[in-house]
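Here's the structure, in structure tokens; my notes come after.
Numbers restart at 1 for each chain; the letters A, B, ... are given by sequence-line order, proteins then strands. Here the structure is a predicted model, which means the values were calculated and not measured.
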Number of protein chains: 2
Amino acid sequence: MKLVRSYAYLKKDLNTIESALESTVIAEHKILHEASLQLLKAGGKRLRPVFALLASKFGNASNERVTNVASTLELIHMASLVHDDVIDNSNLRRGKPTVKAKWDNRIAMFSGDFIFARALERFTTVEDKKAHEVLSHTMIELTLGEIEQIKDKHNFDQNLRTYLRRIKRKTALLISSSCQLGAIAGRCSPQIEKALFRYGYFIGMSYQIIDDILDFTATEAQLGKPAGSDLLQGNITLPVFYAIENSELKQDLIHYFHKNNNDEISFSELLNRIKESNAIERSRELSNQYLQKAYDSLAYVPECKAKDTLLDIANYIGARQI
Amino acid sequence: MKLVRSYAYLKKDLNTIESALESTVIAEHKILHEASLQLLKAGGKRLRPVFALLASKFGNASNERVTNVASTLELIHMASLVHDDVIDNSNLRRGKPTVKAKWDNRIAMFSGDFIFARALERFTTVEDKKAHEVLSHTMIELTLGEIEQIKDKHNFDQNLRTYLRRIKRKTALLISSSCQLGAIAGRCSPQIEKALFRYGYFIGMSYQIIDDILDFTATEAQLGKPAGSDLLQGNITLPVFYAIENSELKQDLIHYFHKNNNDEISFSELLNRIKESNAIERSRELSNQYLQKAYDSLAYVPECKAKDTLLDIANYIGARQI
């Protein structure tokens with residue numbers, strides 16, 4: 001299933017957003033310009049702009065207002081990815097070298113700051129106090145999510161709630177805010193704005209869980225980085241939570257990460273044991289529960305093409321293999 | 001001369017801002033909370049809030065509006081300091097360990113992001129499009145200044161213009177924006193807003209030049225970090241620009257930083273040669289020229305207590321030894 005076919009009719013709007021993104025990251029500094037452009041050209045699904053755009057269709061948004069909201073959201077997402085790669089010490093993203101790998105951590109830090117600042121500059125065109133509140137709240141939560149991720153690395157004794165709070169902060173809130181800000185840009189009713197916010201939140205949770213599953217089940221070619229990268233970097237994701245209910249596997253993982261004699265058990269053996277447990281299946285179940293809530297959230301929003309597309313996206317996320 | 005005595009009458013306003021700052025950086029995360037609070041408690045002169053406050057007095061600002069503007073500015077300054085210490089690899093600031101020294105670079109990066117996001121949250125209460133434009137523009141320039149600083153490290157062939165542009169971006173614009181945003185918060189006339197912006201810009205340039213001079217002339221006890229730290233980190237500041245007009249000194253500096261056989265000339269010998277040249281005196285002269293322009297900018301703003309204090313600050317900056 002090709003997701004893009006489902007929103008092919010948004011192509012013109014999305015092209016406008018793409019141009020806005022490109023013009024926003026233009027910088028007179030060669031390194032900064034190259035770093036930002038590399039990130040932009042690396043692509044990605046532009047999911048956040050798509051959500052904002054679709055949400056705005058439930059109301060009556062000017063093109064310019066929606067473009068500004070949508071591109072702000074993508075820029076904040078991009079900036080957080082650059083800072084994220086610094087923590088994770090990642091050298092590849094979507095199969096391409098990261099900013100920190102191609103230049104260094106300091107350049108990555110300030111490229112992120114630059115893109116954040118440019119995002120805010122674009123957002124000044126949105127004259128709605130609530131929109132600014134939503135955005136700054138999302139940014140605060142995003143940062144808290146990052147800090148939590150650092151703190152909880154290699155901690156096999158955290159509970160499931162910490163994981164869910166972390167993915168809420170790191171992923172779901174930016175998606176729910178994309179829907180909400182699109183709705184605000186479209187001047188939708190408070191009921192529709194709330195329904196779209198809820199849809200975005202549940203889709204975001206489901207999306208991140210699937211991402212965390214794919215980190216185990218997809219191939220390096222599909223991921224653009226080695227399988228199991230999350231775990232290797234010490235990020236404990238949902239499949240690991242379920243897998244370490246098996247106390248022997250838990251001990252072996254702790255042993256692998258906290259002792260120096262790593263050669264007794266290989267990382268690929270640990271990966272296989274997680275994949276062969278029921279952890280992947282149970283993770284899919286939880287993802288599906290969130291997905292169901294996303295569908296439910298749309299029950300009372302009016303039927304329209306945008307609603308069909310939001311449902312298509314939910315189907316796509318439920319079925320996606322990469 | 002004690003600067004604080006000159007604005008003792010602002011004590012109540014400044015206490016309100018201090019409380020706002022403290023309540024803003026409260027975080028449920030222990031590390032984040034401690035890192036932010038450490039930064040806050042390390043003090044500093046709260047110059048940006050003072051400028052915003054004074055500028056607002058030329059108009060008619062509600063206390064709340066000014067407090068929000070003033071604390072946003074101080075928070076952005078704080079956040080940029082944290083990120084700055086990551087680049088400069090600084091372990092001490094104002095005699096206390098930096099966030100990156102006490103924790104690590106990743107924590108420093110996200111503490112900065114967190115404080116930025118909190119600053120923006122506070123700024124959402126300011127409902128004035130122009131104010132948001134000024135702030136985002138300042139943040140973009142600040143980041144460009146940081147990137148330039150990285151790029152131009154250890155580059156003894158940059159020209160004076162690059163230095164002036166860098167300190168404009170890194171220091172002067174945030175101070176001029178503090179004056180301008182204070183004026184906007186006070187709903188001052190465009191003429192007064194512009195005059196205060198110009199005053200802030202020139203004071204900021206002068207202030208940074210003096211800072212760069214003190215890095216050579218003050219003692220470690222006064223600075224809270226070793227003298228000559230800027231140069232040691234490869235930052236070429238105004239005294240160095242003047243000093244390297246002596247081509248022998250320039251060669252020796254290049255030799256010291258770019259060759260491995262550093263033992264022929266000691267760093268302290270290089271410092272002494274810079275101090276004994278006329279570089280310090282010429283730097284003071286340029287600082288004084290900016291200071292004069294700051295005085296001139298205030299020529300046509302109405303006489304009042306706030307104006308007297310702005311003039312006092314200019315006198316203080318001209319005379320300051322630390």
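The shortest non-hydrogen separation linking B/I147 to A/F110 is CD1-CB, 3.3 Å. In plain terms, the two heavy atoms of B/L120 and A/M139 that are nearest each other are CD1-CE, 3.8 Å. When all heavy atoms are compared, the tightest approach of A/S136 to B/A117 is CB-O, 4.2 Å. Contact detail for B/F114 and A/T143: the closest heavy-atom pair is N-CG2, 3.3 Å.
Contact of B/E121 with chain A is made through backbone and side chain together, with heavy-atom distances under 4.5 Å. Residue B/K130 does not touch chain A at all, counting heavy-atom pairs closer than 4.5 Å. For A/E133, the parts lying under 4.5 angstrom from a heavy atom of chain B are both the backbone and the side chain. When heavy atoms are compared at a cutoff of 4.5 Å, A/F123 does not approach chain B at all.
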Could you please spell out the steps behind the side-chain contact (heavy atoms from CB on, under 4.5 Å) verdict for B/L135 and A/T124?
-> CA-CA 9 Å; B/L135 191 74; A/T124 58; over 6 Å; no
Check step by step if side-chain contact (heavy atoms from CB on, under 4.5 Å) holds for B/R118 and A/I140.
-> CA-CA 6 Å; B/R118 284 283 200 208; A/I140 290 169; 3.8 Å; yes
Should A/H132 and B/H132 be marked as a side-chain contact (heavy atoms from CB on, under 4.5 Å) after you check the CA-CA gap, both sets of side-chain angles, and the distance that decides it?
-> CA-CA 10 Å; A/H132 285 267; B/H132 286 267; 4.1 Å; yes
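By the neighbour-count criterion of 12 heavy atoms within 6.0 Å, atom NZ of A/K151 is densely surrounded, having more than that number from other residues, nucleotides or ligands. No more than 12 heavy atoms of other residues, nucleotides or ligands sit less than 6.0 Å from atom CG of A/N60.
Between the CD atom in B/E127 and the CD atom in A/E127 there is a gap of 10.0 Å [rounded to 0.5 Å]. Note that CZ of A/R106 is 6.0 Å distant from NZ of B/K153, once rounded to the nearest 0.5 Å.
A/H83 and B/H83 have perpendicular rings, their planes meeting at more than 60° on a 0 to 90° scale where under 30° would count as parallel.
Side-chain atoms of A/D113 and B/D113, non-hydrogen and from C-beta on, do get closer than 4.5 Å to each other.
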